[in-house]
Enquirer: 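I am attaching a structure below and will ask some questions about it afterwards.
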2 protein chains.
Amino acid sequence: MTHKNITSADVARMAGVSRSTVSRCFKADSRISKKTRERVIEIADQLGYQVNKIARSMITRQSDLVGLVSAGLHDPFAVVLINQLIQKLQKMGLHPILLDASNTQQLELSIKKLAQYQVRSIIITSGSPSSSIGAEFIRLNIPVILLNRAGQLDAAHLINCDNKTGSTLAAKTLLDAGHRRLAFVNSINSTYSGNSRGAFFEQALALKLASGEISLQNIPCRSSDYQGGFQAALDLFANRPPSDQSRSPTGIYCANDNVALGFMDALRHELGLRVPEDLSVIGFDDIPLAGQPAYRLTTLRQCPEAIAEATAKCIQDIPSSTSPQRITIPVKLITRHSVAPAAN
Amino acid sequence: MTHKNITSADVARMAGVSRSTVSRCFKADSRISKKTRERVIEIADQLGYQVNKIARSMITRQSDLVGLVSAGLHDPFAVVLINQLIQKLQKMGLHPILLDASNTQQLELSIKKLAQYQVRSIIITSGSPSSSIGAEFIRLNIPVILLNRAGQLDAAHLINCDNKTGSTLAAKTLLDAGHRRLAFVNSINSTYSGNSRGAFFEQALALKLASGEISLQNIPCRSSDYQGGFQAALDLFANRPPSDQSRSPTGIYCANDNVALGFMDALRHELGLRVPEDLSVIGFDDIPLAGQPAYRLTTLRQCPEAIAEATAKCIQDIPSSTSPQRITIPVKLITRHSVAPAAN
DNA sequence: ACATTTTGTGCAAACGTGTGCACAATCTAA
DNA sequence: TTAGATTGTGCACACGTTTGCACAAAATGT
């Protein structure tokens with residue numbers, strides 16, 4: 001027994017006008033006499049009438065729905081970002097439908113169904129759903145927004161944090177502290193952010209690397225999360241002869257905070273090394289945990305609120321924009337206590 | 001220029017049948033000859049036809065959309081729970097629309113709009129949106145599922161973890177370790193879970209409390225999160241004269257893991273106290289961080305997957321179920337290294 | 001062979017809205 | 001006063017589906 005909704009016909013009858021008039025009373029730019037509009041809205045309110053979005057979507061071929069795909073909620077930065085996105089979208093009257101990209105096959109299925117809901121746009125935030133999915137949406141004329149992801153899609157809107165400045169700052173910070181043996185910790189499963197940061201880090205060090213002043217080592221981890229960082233630190237020092245200890249890196253730049261925290265915990269709790277006395281560590285993102293007393297991680301902050309804000313604005317601008325947008329969000333060095341002058 | 005979708009009329013024309021027939025070919029229980037059905041589906045596939053959910057929803061007054069409201073993504077347990085929910089729902093072909101309950105006023109607005117999308121049901125997971133919202137949905141004949149929340153709504157489906165058994169186990173664990181001065185850390189902003197756990201904890205200790213064998217102190221914190229726990233520990237020892245130190249509690253039960261971690265960090269990093277040597281701490285939830293080497297928190301695990309599974313099943317069963325469901329999910333004691341025998 | 005049931009398909013109405021077009025009413029300008 | 005412009009409203013169709021009803025064809029029973 002479904003509840004009978006009050007429709008525009010009801011309020012039309014009540015107000016002694018046609019359904020068309022009722023409809024037009026809710027559109028700002030329609031030619032309706034002030035008097036009629038006021039009366040109709042009055043009655044509508046009184047009846048608790050609300051326009052049926054489903055019916056409206058059918059005719060306008062547009063909805064207030066937005067697809068939001070993310071590879072699980074494992075990465076803490078992804079979580080705060082999504083949180084901000086939800087709030088901003090909600091404020092704009094948009095409703096995000098969350099899709100999990102962990103299972104690619106599953107995802108492709110869901111994402112096709114999603115297209116049937118006339119979503120206004122789709123935001124792809126992390127992980128790696130095959131970019132063919134994005135292409136599929138482009139083909140259906142549904143705008144695609146890529147957040148911190150590689151842009152193989154020319155037609156997609158791109159919003160990225162400034163990995164170049166960030167990585168350059170990381171390099172400078174470690175160099176200024178006197179570190180000579182540097183390392184970059186990154187997942188072997190290439191992600192856009194990680195690879196990009198690594199490349200810019202190396203680029204910032206290029207001159208000194210060429211002159212032999214400093215060294216740079218790539219430390220691979222299995223996954224770009226806490227466990228990955230943890231294991232990477234273990235692996236790094238596992239089969240290293242004591243005589244070789246003096247050659248291990250002292251300035252560590254991690255692809256993101258989560259990796260950095262895992263790396264630090266392994267150093268401290270498993271390997272008996274101190275941060276920052278023995279090794280300096282820099283992360284990226286500034287996730288909430290990074291600032292807490294257990295870690296006090298020096299890191300590059302990318303502001304999730306700014307990204308969410310830019311995304312919201314991007315969606316708003318899409319109807320009037322002709323070419324896909326390219327937006328770069330600034331990052332900021334947050335100096336805490338995980339970097340100290342090199343001991344040797 | 002919107003992309004022209006292929007409709008059932010297209011495939012009907014192509015197959016030389018009527019739209020009705022096409023529609024029926026996709027419903028399992030319709031009387032359609034095997035031959036026709038196969039041919040139609042063949043052609044539909046070939047054309048890439050997909051039923052328009054919007055149009056279907058309009059006529060069936062049902063959609064594959066599900067409302068999922070949560071108070072931000074701050075609590076780590078809420079995050080893993082939501083993650084599981086998303087995956088399970090996605091697997092069932094349902095699409096969750098996420099709503100943020102941080103701003104109550106904003107929420108009421110969004111949630112009303114949501115009703116217009118004919119959501120199949122609404123899942124309320126944490127935080128405290130006024131229960132009138134739930135009532136509003138009940139009134140609209142939209143099923144409401146409350147997860148780990150108080151049930152002022154008789155008509156709502158209730159899924160709760162077993163706070164009673166959990167708190168009883170916590171009490172037993174601390175008592176068995178020889179602790180006499182116990183405490184419960186909970187937010188002053190009452191949440192259902194926190195209050196419930198506190199009440200059952202006290203209940204489990206009732207006999208020994210009455211006999212004066214042990215003592216129980218309530219430690220309030222401003223919020224039921226990391227910061228709250230952190231500050232609570234600071235407050236507890238702030239204006240306590242050294243002579244009084246011996247009377248402070250040694251067995252601490254926290255309303256949830258997040259509070260427990262904050263509490264522990266304050267003890268260790270700000271107050272110079274050791275866990276578990278000086279104080280024993282038990283949490284609730286078993287969030288991912290709790291198991292990591294920095295904490296090794298002994299805690300009561302409530303399995304997010306089990307809750308999500310129960311929720312999914314609940315939604316599935318709703319059409320055929322007559323009375324609202326009441327489901328309790330078991331919890332399990334996870335023994336790690338934050339509880340030790342009482343020193344004195 | 002005929003009556004009756006079963007099976008398969010089409011017609012048309014409904015869901016609730018937006019919007020082009022027509023047209024009446026009011027207003028403006030000479 | 002009258003022709004034309006402007007304003008406000010209604011009619012009717014469209015969006016893409018589901019589904020009750022009608023009905024032809026096939027199958028069944030006697």
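Per chain, numbering begins at 1; letters A, B, ... match sequence-line order. What you see is a predicted model; the values in this text were computed from it and never measured.
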Enquirer: Looking across every strand, which nucleic acid part, if any, lies under 4.0 Å from A:Thr36 by heavy atom: base, sugar-phosphate, or nothing?
Expert: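 Answer is sugar-phosphate: A:Thr36 comes under 4.0 Å of backbone atoms only.
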
Enquirer: What's the CD1-P distance between B:Ile59 and D:dC15, to the nearest Å?
Expert: 17 Å

Enquirer: Under the criterion side chain to side chain contact (heavy atoms under 4.5 Å, CB included), which of B:Val144, B:Leu147, B:Asp317, B:Ile318 is the partner of B:His157?
Expert: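 Answer after filtering B:Val144, B:Leu147, B:Asp317, B:Ile318: B:Ile318.
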
Enquirer: Report the residue from A:Ile315, A:Val69, A:Leu146, A:Ile82 that forms a side chain to side chain contact (heavy atoms under 4.5 Å, CB included) with A:Ile123.
Expert: A:Ile315

Enquirer: Nearest to the side chain of A:Thr7, heavy atoms from C-beta on, is which of C:dG18, C:dT17, D:dG16?
Expert: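 Taking heavy atoms from C-beta onward, the closest nucleotide is C:dT17.
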
Enquirer: Between B:Ser23 and D:dT17, does any side-chain N or O lie under 4.0 Å from OP1 or OP2?
Expert: no

Enquirer: Between atom CG in A:Asn52 and atom P in C:dG18, what is the gap in whole Å?
Expert: 9 Å

Enquirer: Students often get this wrong, so: under 4.0 angstrom with heavy atoms, is A:Lys27 touching a base, only sugar-phosphate, or nothing?
Expert: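 Sugar-phosphate only.
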
Enquirer: Between B:Val51, B:Asp45, B:Asn52, which is the residue that forms a side chain to side chain contact (heavy atoms under 4.5 Å, CB included) with B:Tyr49?
Expert: B:Val51

Enquirer: Using the side-chain heavy atoms of B:Val17, tell me which of these nucleotides is nearest: C:dG10, D:dT18, D:dG16.
Expert: C:dG10

Enquirer: With heavy atoms under 4.0 Å as the rule, sort B:Tyr49 into base, sugar-phosphate or nothing.
Expert: sugar-phosphate

Enquirer: In this structure, how many angstroms lie between the P atom of D:dT18 and the CD1 atom of B:Ile32, rounded?
Expert: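 Answer to the nearest Å: 12 Å.
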
Enquirer: Could you go through the salt bridge (Lys or Arg N to Asp or Glu O under 4.0 Å) check for A:Lys113 and B:Asp64 one step at a time?
Expert: CA-CA 10 Å; A:Lys113 287 189 184 172; B:Asp64 293 342; 5.4 Å; no

Enquirer: In whole Å, what is the span from the CZ atom of B:Arg61 to the C1' atom of D:dT18?
Expert: 13 Å

Enquirer: Please report the distance, rounded to the nearest Å, between CZ in B:Arg19 and C1' in D:dC15.
Expert: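 Result: 11 Å.
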
Enquirer: How many Å lie between CD on A:Gln116 and C1' on D:dC15, as a whole number?
Expert: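 Atom-to-atom, A:Gln116 to D:dC15, this comes out as 14 Å.
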
Enquirer: Between the base of C:dG8 and the side chain of B:Arg31, is there a donor and acceptor pair under 3.5 angstrom?
Expert: yes

Enquirer: Regarding A:Ser33, tell me which of base, sugar-phosphate or nothing describes its non-hydrogen contacts under 4.0 Å with the strands shown.
Expert: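 A:Ser33: backbone/sugar contact only, no base atoms under 4.0 Å.
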
Enquirer: If you compare all heavy atoms of B:Cys25 against all heavy atoms of B:Arg37, which two are closest, and at what distance to 0.1 Å?
Expert: O-NE, 3.3 Å

Enquirer: For a quick check, tell me whether the side chain of B:Ser20 and the base of D:dT19 share a donor-acceptor pair closer than 3.5 Å.
Expert: yes

Enquirer: With a 4.0 Å cutoff (strictly under), does any side-chain N or O of B:Ser18 reach OP1 or OP2 of C:dC11?
Expert: no

Enquirer: Between C1' on C:dC11 and CZ on B:Arg24, what's the gap in Å once rounded to a whole number?
Expert: 10 Å

Enquirer: Which part of the nucleic acid, if any, lies within reach of B:Thr21 when heavy atoms closer than 4.0 Å are counted: base, sugar-phosphate only, or nothing?
Expert: sugar-phosphate

Enquirer: Measure the distance from CD on A:Gln50 to P on C:dT17 and round it to the nearest whole Å.
Expert: 11 Å

